[in-house]
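Below is one structure, written out as structure tokens; comments come after it.
The chains referred to below are lettered A, B, ... by the order of the sequence lines, with proteins before strands, and numbering in each begins at 1. Here the structure is a predicted model, which is why all the values come from computation and not from measurement.
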Amino acid sequence: MTDPVQSLDDAELHGVPLLRVDAVVKRFGGFMAVDRLSLDVRAGEFFALLGPSGCGKTTLLRMLAGFETPDSGRILLNGTDIAAVPPHQRPVNMMFQNYALFPHLTVRDNIAFGLKRAGLPRAEIAARVAEMVALVRLEGMEKRKPDQLSGGQRQRVALARSLARRPQLLLLDEPLAALDKKLRENTQFELTQLQRRLGTTFIIVTHDQEEAMTMADRIGVMEAGRLEQVATPRQLYEAPNSRWVAEFVGGINILEGQIESRDAGRMTIAARDAGHVIAAEPLHCLTKNDICVAIRPEKIRLSKRPPASDAGHAAVINRLEGIIIGVNYLGGQTTYQVKLDGGAVLRVSVANMARLDVDAYNVTQRVVAWFTPDDCVVLDQ
Amino acid sequence: MSGRRIFASPARRAAIAPYLWMLLFFLLPFGFVLKISLSHTAIAQPPYLPVFDLAHGFAAIKAAFAALSLDNFRLLASDDLYVLSYLRSLVVALISTSILLAIGYPIAYGMSRLPARWQPVAMTLVIVPFWTSFLIRIYAWINILQHDGLLNKVLLALHVISVPVVWLSTDTAMVIGIVYSYLPFMILPLYATLAKMDSTLLEAASDLGSSRLKAFWLVTFPLSLPGIAAGVLLCFIPIVGEFVIPDLLAGSNSLMIGQTLWLEFFTNRDWPVASAIAIVLLVLLLAPLLIYDRLQRRQLEGRR
């Protein structure tokens, strides 16, 4: 069975990696912050490290910048091991979460800081600063000090400063966390545009999955010092490789159960509190018989009667009956909680296509929740 | 500007307290001293003339005003004794403050780099000498610095010197005493500035290509300037007027202005001249304060 999502990723992986992280370990006392982690990032890629706080993503980023030294393993940049190179000698720059702008220097001097250290001639520094100022649209602000700027402007100064040295690799530690929601959405877009234009390799650390999905070419999901999955946003969402990733990225319904039979790319699963579910055979191997079926809320459809069974497809549609126990209207979509007769509660989100609520369901209404076997992802419990 | 409106009226009334304090304990006494400095000495009680006496009516007060003069200030300008005393005080304060900064900065810097749980301990160690009386500590220095004192014994034992050195009653002894006594006043404001500095700034400097030394010089040092200014002022100003330490540790051949003032007041019982000395000292010390104030104001403006 071919998976269009999978082949997309293969095409992306063909370049030579700019950065290779090879079995890197970092402990803090007894705490394993990064646990034998390996990762390739190719030149020009926008890569996101996504994970809950404390998963080791920031530690990994700090090792790439040189602020932490790995206990073991190698960090190869263009094939050279830089694990022991101090930060000020790496062709890598970092944009800090709190921006770390020098409060005593003007915008211009902040941006010029790294260029002066590199010993560039004066004229070239001036030209590069002007270029950076234009790049982040801060014209006219050059003489201001950081505390005379708004949060968004500070963020842009930090970005300009970290890009001024034209690093091969730019590390961004939660670069948008300090901005409010509206500004964050605009900036996500700008940052992506900027990265495309410059062609610089970006590695961004974030705990915000929407941010990672919006901006990154590929996302590495981290948990407890390990990479759970490295994939394109689409693959991560539609084909998570573990229950943990499925639950971490986006909302999902999980039905636990056992495999009863497998036949022609379909498997019949006895779900513990939802009856029988027919799901597509997954690409990855299942190690145990105890599995779970994961279905995204928007993949499930609701109807008052079972969907019309045209003979050909009737067999491969899962129909689970239940009653609505909760309705959350969110504007663009409505989320329903459906308590199945088997006991499980499904979350179903329905796009509100029409302005008038012709299709809306009410609490206590009996409905059929239905989805196809291809809507299901089967994962180990 | 809008801050003013935030204060409800009870809060605004409370804000008067510091001004009341200033009026009672600074401006009023200053007025007395200023008036005495414009009087002339007399063998009387109080030992100066004229005296404002409301009992003799408005005319008497008018006459008293007419009797005020700047003679004492002319005396200060004309007699080398006073000018030299002022100069000596300024030079001693300058030298001592420089040494204090040179010693205090590394200590404060070291303290701010200690692990968080050790910083309060270091802080306590800096403050702990205050628990002993200041005078006793200065007397202890006399003990250490005298001919057969601890310092000479140690230096002799180490063969650094072959005959005892005269320490006591020298300017060296005085500077040692001053530096020792004022060190906490230099360390604490420096430590306060250095400790609150964001360490990611140093990481950023390093990330942008500066070595540790460069990062210190380009980031840590300029950002600690307010602390340096506070520490320097906190030491320099009282050292200029210092009386006890030079009196106990320095020789008697040249006097600091505090000692001269003491002589005029107690030995000569010349209150008007002593007051004039105090007024001039105050005006002299106003200069560094005004500079500091301007610096602070510039910083605040930068923040707006």
Check Phe67(A) against Ser206(B) and note the closest heavy-atom contact, atom names and distance. CE2-OG, 4.3 Å

With respect to chain A, which residue among Asp198(B), Leu218(B), Leu225(B) yields the maximal number of heavy-atom pairs within a distance under 4.5 Å? Leu218(B)

Proximal to chain B - members of residues 102-118 of chain A, heavy-atom separation under 4.5 Å: Phe102(A), Pro103(A), His104(A), Phe113(A), Gly114(A), Arg117(A)

Residue Arg90(A) versus chain B: region with a heavy atom under 4.5 Å: neither

Measuring heavy-atom distances to chain B, does Leu171(A) have an atom under 4.5 Å in its side chain, in its backbone, in both, or in neither? neither

Above 12 or not: heavy atoms from other molecules or residues under 6.0 Å from CG of Leu213(B)? no

Considering only heavy atoms, which portion of Ala215(B) lies under 4.5 Å from any heavy atom of chain A: side chain, backbone, both, or neither? neither

Nearest 0.5 Å, please: how far is NE2 in His88(A) from OG in Ser210(B)? 8.0 Å

Can you give me the closest heavy-atom contact between Asn93(A) and Asp207(B), atom names plus distance? ND2-O, 2.9 Å

Over 12 foreign heavy atoms within 6.0 Å of CZ, Arg113(B): yes

